[in-house]
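Atoms within each ligand, like the ligands themselves, are counted from 1 in listed order.
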Amino acid sequence: MDFPSQRLADHYQRALRADNVLAQIDAHYPAGPSLHQLAPLDQLHIGGVAASTRLLERLDPTTHGKVLDIGAGLGGLMRQGAALGFQLTGLDITHGFSALNKALSSRVNQPAAPLLTWVTGNASALPFADNSFDAVLFQHSLMNMADAAKAITETRRVLRPGGQVVMHEVVSGPNVAQLRYPVPWATSTEHSHLITLVELTRLLEAGGFTVEHAEDWSQIALEWRQRQRQKEQAPRQAVLSPQWVFGERFLIMGKNLVDNLAEGAIKVVEIQASC
Ligand SMILES: C[S@@+](CC[C@H](N)C(=O)[O-])C[C@H]1O[C@@H](n2cnc3c(N)ncnc32)[C@H](O)[C@@H]1O
């Protein structure tokens, strides 16, 4: 793994105590956790399960069933997709995340989960043959990528003709210069590679895609994050929380997300394109 990739993986794995997470889950959910019980841990994006539901609703499992999730993290979106009949491969550069994603999938209380596959790898050099997938998802991962154009070119390569890419991403807002760190995807500018929705649209078009849908979710995202923050500060905490991944630093990360959305430093968007 090259040095920048290792630095990014270190950012995500630094506070991760996978064995403790699994022991906590086994103790509290002996019959296996539900997708909703896992969500505070494994849906590491703004909007939680509801955002993943909206993203998956943009695809039809009967026509676009073979799906690659780029930057799958701990796999909340993958397991939700599997429950709807999609066959998902999760790719992530952070090996500790891929390993925990797999371990969580073996514990989850999900009837007849279809095949899930986990691969540690880089979006800039996808370890898959041309035309391998019907659809590719990005959920809060492109923002970590210094070369978004390369990730989009690679996405196009592994998609079959008629394939779809659906993204639920953080992009830069009008006041991005005031972005407050740390945020969950970066403690400084080193790992934060935000572009505007207009730039993202252009990159997709330059990469051979036709953009079919683009929507700004920022207001919904802000309201959702405000509600999460109240829960995170309540005296009785849920069993699982993003703090199991990010440690104590999530307290300030969560506050900064609210401030960054409220101040227009970031936006949350959904974009869908076909090839
Ligand atoms: C904020 S997390 C989001 C995880 C997951 N998509 C979710 O929404 O819960 C970003 C993820 O993207 C992964 N990632 C960032 N850059 C990547 C790259 N170049 N190739 C593959 N994965 C990458 C990180 O390791 C991390 O797991």
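Near F97, the atoms of ligand 1 lying under 4.0 angstrom from a non-hydrogen atom of the residue are 27 (O). Those atoms of ligand 1 that come under 4.0 Å of a heavy atom in N122, given as number and element, are 18 (C), 19 (N), 20 (N). Residue T94 has at least one heavy-atom neighbour below 4.0 Å for each of these atoms of ligand 1: 24 (C), 25 (O). Near D42, meaning under 4.0 Å from any of its heavy atoms, are these atoms of ligand 1: 9 (O). Ligand-side atoms of ligand 1 in range of Q43: 9 (O), range being under 4.0 angstrom from any heavy atom. With ligand atoms numbered from 1 in the order given, ligand 1 contributes 1 (C), 2 (S), 3 (C), 10 (C) to contacts under 4.0 Å with heavy atoms of H140. Close approach to G121 involves these atoms of ligand 1, each under 4.0 Å from a residue heavy atom: 20 (N), 21 (C).
A donor and an acceptor atom, one from each side chain of E212 and S274, are located under 3.5 Å apart. No side-chain donor-acceptor contact under 3.5 Å links N144 and W185. A donor atom on one side chain and an acceptor atom on the other are not found under 3.5 Å apart for E270 and H168. Looking at Q226 and Q230, their side chains never bring a donor and an acceptor atom within 3.5 Å of each other. A side-chain donor from one of S52 and Q43 sits under 3.5 Å from a side-chain acceptor of the other. Under the 3.5 Å distance criterion, with hydrogens and angles disregarded, a donor-acceptor pair is assigned to the side chains of N101 and R79.
Within the structure, ligand 1 lacks S52 among the residues with a heavy atom less than 4.0 angstrom away. Taking a 4.0 Å cut-off on heavy atoms, I70 fails to register as neighbouring ligand 1.
With a 6.0 Å cutoff to the six-membered ring centre and a 45° limit on the axis angle, R54 counts as a cation-pi contact of W217.
In the candidate list H45, E154, M78, H45 is nearest to atom 8 (O) of ligand 1, counting heavy atoms. Closest to atom 25 (O) of ligand 1 by heavy atom, among N144, D92, V183, is D92. Of the candidates A9, A39, G71, it is G71 that places a heavy atom closest to atom 5 (C) of ligand 1.
Using a 4.0 Å cut-off between a side-chain N of Lys or Arg and a carboxylate O of Asp or Glu, R225 and E232 qualify as a salt bridge. Of the charged side-chain nitrogens involved, none lies within less than 4.0 Å of a carboxylate oxygen, so that R202 and E199 do not count as a salt-bridged pair.
Residues passing the salt bridge (charged side-chain N to carboxylate O under 4.0 Å, His left out) test with E263, sequence neighbours excluded: R180.
Residue contacts with ligand 1: M143 is placed with no nitrogen or oxygen under 3.5 Å of a nitrogen or oxygen of the ligand (distance criterion only).
Of the heavy atoms in Q139, both backbone and side-chain atoms come closer than 4.0 Å to ligand 1. Residue contacts with ligand 1 for A72 involve N, CA, C or O but no side-chain atom from C-beta outward (heavy atoms, distance under 4.0 Å). Contact annotation: for L8 versus ligand 1, heavy atoms closer than 4.0 Å belong to the side chain alone.
Closest to atom 9 (O) of ligand 1, if we only count protein heavy atoms, is L44 N, 2.7 Å. In terms of protein heavy-atom proximity, atom 14 (N) of ligand 1 is closest to I93 CG2, 4.0 Å. Looking at atom 20 (N) of ligand 1, its nearest protein heavy atom turns out to be A123 N, 2.9 Å.
Between F133 and F128, the two ring planes are perpendicular [angle over 60°; tilted spans 30° to 60°].
Listed by first and then second residue, the salt bridge (charged side-chain N to carboxylate O under 4.0 Å, His left out) pairs involving residues 16-34 are D26-R107 (not counting sequence neighbours).
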